[in-house]
Amino acid sequence: MTIGSTVFGYPRIGPKRELKRAVEQYWAGSIDEAALQRTARELRAGTWAELSELDSIPSNTFSFYDQVLDTTQLFGAIPPRFRDLGLSELDTYFAAARGRDGAAALELTKWFDTNYHYLVPELGPDTEFRLAGDKPLAEYREARDLGVTTRPVLLGPVTYLLLAKGTVPGFEPIALLDRLVEAYVELLGRLRVEGVEWVQLDEPAFAADRSPAELDALRRAYRTLGGLPGRPELLVTGYYGDLGEAFGILAESQVEAIGVDLVSAPDAPVTIPAMRDKVLVAGLVDGRNVWRTDLHAALAKAASLLGSAREVVVSSSSTLLHVPYDLDAESLSPDVRARLAFARQKVREIVVLGNALRDGADGAWADEAKHDPPRPRRDDHVRARIEALGPEHRTRAPYEERAAAQQEHLGLPPLATTTIGSFPQTGDIRRARAAVRRAEITEDEYGRQMRDEIARVIDLQEDIGLDVLVHGEPERNDMVQYFAEHLEGFAGTEFGWVQSYGSRCVRPPIIHGDVSRPAPMTVAWSAYAQSLTAKPVKGMLTGPVTILAWSFVRDDQPLADTAAQVALALRDEIRDLEAAGIRIVQVDEPALRELLPLREKDQASYLEWSVGAFRLATSGAATGTQVHTHLCYSEFGEVIGAISDLDADVTTIEAARSKMEILEGLDFPRGIGPGVYDIHSPLVPAEDDVVALITEAVRAVPGERLWINPDCGLKTRGYAEVEPALRNLVAAAHRVRADLR
């Protein structure tokens with residue numbers, strides 16, 4: 001590795017989501033494993049070709065589902081309930097991800113402070129690690145056969161254990177470190193025999209606060225791995241923030257290179273000690289947002305580091321997994337396009353920076369660095385509204401007063417049943433959306449088809465017996481993208497897909513200017529649904545924090561300012577929903593935990609503005625309007641105080657996979673709906689299983705404040721699963737409700 005350029009990782013779904021389609025076809029049985037593997041090889045070859053200008057090219061960044069699950073399989077830690085199914089290696093892997101034949105899937109949760117999700121390893125005192133696969137070696141050989149020398153990337157052993165959960169009470173998986181490091185020792189030996197010169201080990205867990213014991217685990221792991229004779233050279237990375245004390249531990253170890261994120265932690269160079277015997281891989285190009293790099297500033301920072309290390313390599317700040325593939329595929333306004341760079345453009349920026357650092361500025365540098373992007377759009381009216389806000393704009397009447405008024409109006413039973421919002425997006429719905437986008441049908445015809453679908457979903461919910469209904473959201477392509485298309489200050493993409501988990505991809509919109517709402521966004525659909533039933537229908541909105549978290553957000557002003565602008569637009573929408581007769585409004589904030597800074601010192605200010613943005617959006621609601629919120633697939637215990645501070649009347653959360661763990665010791669003062677149906681698995685929960693979950697929940701929450709609902713929206717499931725699951729949910733709620741009387 002010389003002074004030059006690399007990336008910590010690259011997107012893997014394919015420029016046109018080829019992997020998503022192939023994996024889903026395999027699940028459906030329409031292609032065999034050979035066809036799926038052929039698509040995978042083509043995508044890997046394409047990635048290595050795209051990265052050919054870099055001085056060091058990563059491999060083993062491809063995954064059929066998730067890199068943490070890959071590590072679990074690599075070291076033989078797939079739980080017995082999946083191994084005992086007697087499936088092929090690939091189908092066992094997918095069973096762990098999705099569940100199968102009564103074996104519940106591994107728990108799914110957020111990957112640090114990103115919108116990527118990983119599958120949580122289940123480890124116990126008896127877990128034995130062994131080198132059970134050869135994926136890193138196989139992909140290295142595959143690249144070598146194509147004439148490409150690569151640097152295999154592995155999830156670091158300490159981070160892997162810190163991301164895992166114990167299978168018995170009180171057991172901490174970090175206790176397995178010595179066993180796991182032995183397996184890494186064997187793998188590194190095999191890689192060296194294969195001819196591998198460099199291996200990357202990712203330890204992003206140390207961008208967060210860590211205990212002395214956890215820091216000592218890092219020290220012990222890399223004392224062993226660094227001290228191995230005849231091993232590949234080691235690059236240890238710690239993206240998503242400042243490595244803090246962990247940097248000094250790695251600097252004192254025998255590893256040859258350390259990678260740091262200088263975008264999330266721009267002041268980190270101040271704390272970097274002299275490491276003249278090591279390579280510093282400087283993450284100077286943002287791996288998580290889509291804005292062009294200020295190349296002059298990045299080059300100056302890189303040059304300032306030259307004296308602190310043996311060599312300096314320019315890199316992305318993190319894996320590029322979090323950004324779309326190619327800006328050139330998009331049709332965007334020139335003023336927005338001029339400010340953007342996707343993965344391919346970021347690789348070019350990295351190459352140009354690396355060349356300039358090594359050889360000095362040349363013609364390529366001049367071409368890349370000359371651009372002066374236009375300034376963001378400004379809306380003086382929105383800014384004046386923000387300036388006029390006071391504490392009264394973030395406060396509602398006391399909960400007891402609200403609850404009495406809402407119950408008088410709604411008359412809901414204990415253990416009220418509902419869903420989170422979306423119903424399955426059928427092929428007919430997607431075809432209609434594509435047809436109106438291509439002008440093959442009129443907007444009026446599209447509206448008629450969507451109203452027909454809403455009427456069908458309302459009738460189905462009435463028949464199932466749900467207490468609070470939803471309109472099903474057939475008109476929404478995505479819970480953030482839909483709102484972005486109806487708000488000023490946003491731009492959307494056509495091919496800007498990013499992996500969220502498995503085959504699930506999203507297209508984050510781009511917030512490029514001040515945000516405002518030119519017209520109501522959801523009112524007509526909700527009002528139509530409410531006109532079809534005497535039962536209450538929820539108005540469905542996505543909260544300001546989640547809209548920011550699942551968008552690429554402008555970087556020229558604080559996130560708090562942008563969140564307040566979005567919140568004002570939602571506040572206006574709630575006012576119009578109430579005027580249309582909607583008396584329950586759900587404002588989803590599944591990303592509240594996701595954006596929580598990894599370091600405790602930064603968390604208080606984030607929670608203040610994020611909670612404030614939600615309350616700004618919802619505090620204009622009338623006392624008798626019931627405000628719901630929804631959160632899913634995060635470690636809620638870390639932000640339970642903030643969730644309470646949202647002051648929503650009802651909070652629905654993911655709880656099915658964790659078997660109601662969130663309710664242990666919980667003292668929540670308002671309505672709560674812990675999910676009883678895991679919608680990320682194709683399994684239909686049995687009625688008795690749902691009864692068991694509800695019974696567990698009733699022990700922690702009074703029935704009049706306990707809601708019964710799925711973990712999340714039903715958009716990604718099919719009606720063949722959803723309808724029986726919801727019928728079992730309602731039947732189970734009725735059984736437990738009868739016991740409460």
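Only a predicted model underlies this, so the values are computations on that prediction, with no experimental measurement involved.
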Next on the checklist: I'd like to know whether Leu69 forms a side-chain contact (heavy atoms from CB on, under 4.5 Å) with Tyr93, so could you lay out the CA-CA distance, the side-chain angles of the two residues, the decisive distance to 0.1 Å, and finally the verdict.
Outcome noted: CA-CA 8 Å; Leu69 179 59; Tyr93 173 92; 3.5 Å; yes
Checklist entry - Could you state the interatomic distance from CZ (Arg599) to OG (Ser264), rounded to the nearest 0.5 Å? => result 11.5 Å
Checklist entry - Hey, are Arg583 and Gln626 close enough side-chain-wise for a donor-acceptor pair under 3.5 Å? => result no
Checklist entry - Does the side chain of Thr419 pick up a donor-acceptor pair with the side chain of Tyr677 at under 3.5 Å? => result no
Next on the checklist: Are more than 12 heavy atoms, taken from residues, nucleotides or ligands other than Asp667, located less than 6.0 Å from that residue's CG atom?
Outcome noted: no
Checklist entry - Would you call Thr61 and Arg12 a side-chain contact if the rule is heavy atoms closer than 4.5 Å? => result no
Next on the checklist: Would you say Glu589 and Thr546 are linked by a side-chain donor-acceptor pair, where the criterion is simply a distance under 3.5 Å?
Outcome noted: yes
Checklist entry - Can you find a side-chain donor-acceptor pair between Thr72 and Tyr160 that sits under 3.5 Å? => result yes
Next on the checklist: For the residue pair Asp588 / Gln586, report whether a side-chain donor-acceptor contact shorter than 3.5 Å exists.
Outcome noted: yes
Item to check | Whether Tyr118 and Trp111 hold their rings parallel, tilted or perpendicular, with breakpoints at 30° and 60° | outcome: perpendicular
Item to check | Verdict with reasoning, Tyr116 to Gln67, per side-chain hydrogen bond (donor to acceptor under 3.5 Å, both in side chains) | outcome: CA-CA 11 Å; Tyr116 181 78; Gln67 71 271 10; 3.0 Å; yes
Checklist entry - In terms of ring plane angle, is the pair Phe62 and Phe64 parallel, tilted or perpendicular, where the classes change at 30° and 60°? => result perpendicular
Checklist entry - Is it the case that more than 12 heavy atoms not belonging to Glu600 sit under 6.0 Å from its CD atom? => result no
Next on the checklist: Between Glu24 and Arg17, is the salt bridge (charged side-chain N to carboxylate O under 4.0 Å, His left out) condition met? List the steps.
Outcome noted: CA-CA 11 Å; Glu24 292 179 353; Arg17 294 183 294 162; over 6 Å; no
Checklist entry - Do Ser619 and Arg571 have side-chain N/O donor and acceptor atoms under 3.5 Å apart? => result yes
Next on the checklist: Check this for me: Gln407, atom CD, are more than 12 non-hydrogen atoms of other residues, nucleotides or ligands nearer than 6.0 Å?
Outcome noted: yes
Checklist outcome for this item: Result for side-chain contact (heavy atoms from CB on, under 4.5 Å) between Trp550 and one of Pro590, Pro509, Ser500, Pro508 points to Pro590
Item to check | Close side-chain approach of Arg670 to Ser644, heavy-atom, < 4.5 Å | outcome: yes
Item to check | Test of ring centre spacing under 6.0 Å for Phe423 and His471 | outcome: no
Next on the checklist: Checking side-chain polar atoms at under 3.5 Å, does Thr417 have a donor or acceptor matched by the opposite partner on Asp467?
Outcome noted: yes
Checklist entry - So Ile708 and Leu729, side-chain contact (heavy atoms from CB on, under 4.5 Å) or not? Walk me through it. => result CA-CA 8 Å; Ile708 309 303; Leu729 180 152; 3.8 Å; yes
Item to check | Flag for Thr114-Glu594: side-chain donor and acceptor within less than 3.5 Å | outcome: no
Checklist outcome for this item: The single option from Phe552, Trp497, Tyr240 that satisfies ring-ring contact (aromatic ring centres under 6.0 Å, His included) with His322 is Tyr240
Next on the checklist: Does either side chain, that of Asn477 or that of Glu485, offer a donor lying less than 3.5 Å from an acceptor on the other one?
Outcome noted: yes
